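Here's the structure, in structure tokens; my notes come after.
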Amino acid sequence: MKHYTTLSDIENLEELIQEALQLKKENTASAAGKSKTLGMLFFNPSLRTRLSTEKAAKLLGMEVLVMNADKDGWALEFEDGAVMDSNKAEHIKEAAAVLSQYCDVIAVRAFPALEDKETDESEIVLNSFKKYASVPVINLESATGHPLQALTDAITISELKTSKRPKVVLTWAPHPKALPQSVPNSFVEVMRKMEVELVIANPEGYDLNPKITGDTPVIHNQEEALKNADFVYVKNWSSYEQYGKVLKTDREWTLTNEKLKPSNNAKVMHCLPVRRNVVIADEVLDGENSVVIRQAGNRTFAAQAVLKRILEN
Amino acid sequence: MKHYTTLSDIENLEELIQEALQLKKENTASAAGKSKTLGMLFFNPSLRTRLSTEKAAKLLGMEVLVMNADKDGWALEFEDGAVMDSNKAEHIKEAAAVLSQYCDVIAVRAFPALEDKETDESEIVLNSFKKYASVPVINLESATGHPLQALTDAITISELKTSKRPKVVLTWAPHPKALPQSVPNSFVEVMRKMEVELVIANPEGYDLNPKITGDTPVIHNQEEALKNADFVYVKNWSSYEQYGKVLKTDREWTLTNEKLKPSNNAKVMHCLPVRRNVVIADEVLDGENSVVIRQAGNRTFAAQAVLKRILEN
Amino acid sequence: MKHYTTLSDIENLEELIQEALQLKKENTASAAGKSKTLGMLFFNPSLRTRLSTEKAAKLLGMEVLVMNADKDGWALEFEDGAVMDSNKAEHIKEAAAVLSQYCDVIAVRAFPALEDKETDESEIVLNSFKKYASVPVINLESATGHPLQALTDAITISELKTSKRPKVVLTWAPHPKALPQSVPNSFVEVMRKMEVELVIANPEGYDLNPKITGDTPVIHNQEEALKNADFVYVKNWSSYEQYGKVLKTDREWTLTNEKLKPSNNAKVMHCLPVRRNVVIADEVLDGENSVVIRQAGNRTFAAQAVLKRILEN
């Protein structure tokens, strides 16, 4: 593995999942990353991703340098040929090249503005780092994808599945703010690489990018979709069709125990943080079906497996 | 020791003090915390506590993850059953459970709002972490207590006392801002576990919580209290009686050399930071009686002793 | 080496450069700083300096504590005898003495206000740390000097020079904001200790402090200065004569390939971050003459050599 910026960087998903589960079982420090430095660059806030990736790197013996570009006001210029006479103090060309000298791996988080589809899909921040850095780049959630979360999700389903080809339902849920499509995008991508029956449930107007969903069934009726589900992945996203808009905030799609009844006693997943009683009801999160804490715990091993592969390269 | 959130978590104070003094004498790194992670979560700023606890953890071979909840705007919901449709993005139930998977020990700082006594005394942040975390919790100063500081203070007095039962005076001093009662509360608690003659001196209106002071003499005359003192602990706090109010800002109670004359050449203590010439005069801080720097140095060994006990558990 | 706050702290520049180049060649971790702690205190933002110094310390096995005094609002009082009843919570006397107990080396960054020459030249922050700390102090860029950058620059020129006594031109360039003179000051100082032909080029009104430039030729004609140059160091600074003012923002002095023609195929240096097409044209930065990325990479080895010398002391 050279970079890990999209799911297509994974050569063999099943092998990577098994490696992560092995690392989880061992749960010990190693020296694979001795004298190596991971630089983590945040253009947006992060808690789980930061802590789990930092922990994973340290378990591998790596040093970690954290840069909060969002807070330190380190405004980068990304445009080629720009005359930099206003508020941007450094060009990505220098920034990426310099960081490549202090770091052996660079991990970057940069959210979408959700204002213009084309701009967000160009993935300017992530792709510029890939272009100008001379070391491997890891995506800590970009404008349109969150492959570390998706790998965690795949690990969690592998760990918990009780049938050869479980039914996995990704269901939209309400949220007061406009959220990116990066988590559902990457979840759909990773599920389409696994032996599962994937179904997407969302209200009309919330269909994800058809280039990503492909021939995955998209159902606008949550009740119907949840029937016989083995896993229910709950997540809000803003509209892709009316790009970045919030079209629906009522609680019709909030996940409750009642809605889980027709499922196959489904495991309930969410990437966290989750707004209780808006996205998922207390009774579900506090009940036997929720695996969200285990899922968050697996973040460490997903990051550790990816870092290990990159270091081995 | 399971948690260290109040002084009552200490099973044997004298033993713990001796352990800290032994660690100070050795002053070397060990591997007691190898492959273990301390997560430090700050809802309020911290300098001394952060640095000394981080240093203590690293001396034990632990990895340290620091989260600035105050700056990162990571607003937590603490209310049971809340419908999270406004500004709180994560519930303490998930936050504490997830952090417990990344960290082997969680340390939390959360100051009081000083607006409502009952709210502050409920210690909602600290107690919620104890309730929902599955790993030990350390108090880095909560609404009503600062047990790591108090242990430091006990270590410093043990180290410097020249008589079997020294007279220790806790005296209030002026300050322009309303400060919590956490430091004096914990100091009184720890002194009441030691073989000392404890006297509290404060202006009328500034008596501390009587449940904490118990039968400790409280004198409203600073001059009288300081007579024959072996240790003078200076500290400002806002009123407990007129909760959170600043009733007096003149310099009548500022500690000066003149005031120390009737003492037994007392050692002067303060938890720092100290406002010079408001709380304590330059002449005292720059003179022979001050032990505030040594006291701050002992913070490392107090934290190290506590972490070691928790790791051994 | 006791402290490293100015270039005069270097006993033997050539030896230190060779040590840094040796460290660069080895590029491995050592245990010279085992159980030692570097405290880095920032009163102003930092990216390159922070990362490279942190990396250098960790390569030496040191623990690193980073304090962002600028962001954490930790306002220090520096005045002797101050009555601290307003917004300053701690006096430098306590701050420096306490940090000296948690850290074996303290590194400080504190920029000038560029309002009053005498105030900036008093170097109150840096000198107060030297005065009140009981451990070595490193300058991470102060009001009037940046000796770690200057050492990097000397290393880079040593590494790349092809003649015994190369011609080195420091040329001013335009910039929209008022910048300190610290980088050019220290560059001039370090070049005057090396076997080079140093020439300074800047517009009228931009002459640096004559106490620093001494008998170095200062030419107000960029074209003339660049003739036969082996190295061109480009940097903006605000006026020293009309202290802190920006007198010229047009692009007459922007470095282009055209301007490099009369040079001896000069290597182009800059401390970064650099504003493209304002300070230096794209064609230069993207061309064969630029060594700015290598120069930034050398920051790590300059910091490592300095820390090693201080630890050996």
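Keep in mind that this is a model prediction, so the values were computed, not measured.
Inter-residue side-chain proximity for A:Arg50 and B:Met67 is flagged as met; some heavy-atom pair is nearer than 4.5 Å. Considering only heavy atoms from C-beta on, B:Val98 comes within 4.5 Å of A:Arg48 through its side chain. Within the 4.5 Å cutoff, side-chain heavy atoms of B:Leu99 are placed close to those of A:Leu51.
The line from CG of B:Asp80 to CZ of A:Arg276 is 8.0 Å long, rounded to the nearest 0.5 Å. Atom NE2 of residue B:His91 and atom CZ of residue A:Arg275 lie 12.5 Å apart, to the nearest 0.5 angstrom. Note that NZ of B:Lys93 is 8.5 Å distant from CG of A:Leu285, once rounded to the nearest 0.5 Å. For the atom pair CE of B:Met84 and NE2 of A:His175, the computed distance is 8.5 Å after rounding to the nearest 0.5 Å.
Among A:Val292, A:Thr300, A:Asp286, the residue with the largest count of heavy-atom pairs under 4.5 Å with chain B is A:Asp286. Taking A:Val279, A:Val278, A:Leu59, A:Thr249 one by one and counting their heavy-atom pairs under 4.5 Å with chain B, the maximum is reached by A:Val278. With chain A as the partner, the residue from B:Ala89, B:Ser86, B:Ala95 showing the most heavy-atom pairs under 4.5 Å is B:Ala89.
Enclosure of atom CD in B:Glu115 is not indicated, since only 12 or fewer non-hydrogen atoms of other residues, nucleotides or ligands lie within 6.0 angstrom. Heavy atoms of other residues, nucleotides or ligands lying less than 6.0 angstrom from CD of B:Glu118 number 12 at most. Within a 6.0 Å sphere centred on NZ of B:Lys177, heavy atoms belonging to other residues, nucleotides or ligands number 12 at most. Taking a 6.0 Å sphere around NZ of A:Lys235, one finds it holds more than 12 heavy atoms contributed by other residues, nucleotides or ligands.
Nearest heavy atoms, B:Asp85 versus A:Arg251: OD2-NH2, 2.9 Å. Closest non-hydrogen pair, B:Thr37 versus A:Lys55, comes out as OG1-CE, 3.8 Å. Heavy-atom minimum distance, A:Gly297 versus B:Tyr102: CA-CE2, 4.3 Å. Nearest heavy atom pair, residue A:Lys58 against residue B:Val64, reads NZ-O, 3.5 Å.
Only the backbone of B:Ala82 comes within less than 4.5 Å of a heavy atom of chain A; no side-chain atom from C-beta onward does. Contacts of A:Leu47 with chain B are made by side-chain atoms alone, with heavy-atom separations under 4.5 Å and no backbone atom involved. In this structure, the portion of B:Lys88 lying under 4.5 Å from any heavy atom of chain A is its backbone and not its side chain. Neither the backbone nor the side chain of B:Ser100 comes within contact range of chain A; no heavy atoms are under 4.5 Å apart.
Between the B:Glu94 side chain and the A:Pro273 main chain, no donor and acceptor come within less than 3.5 Å of each other.
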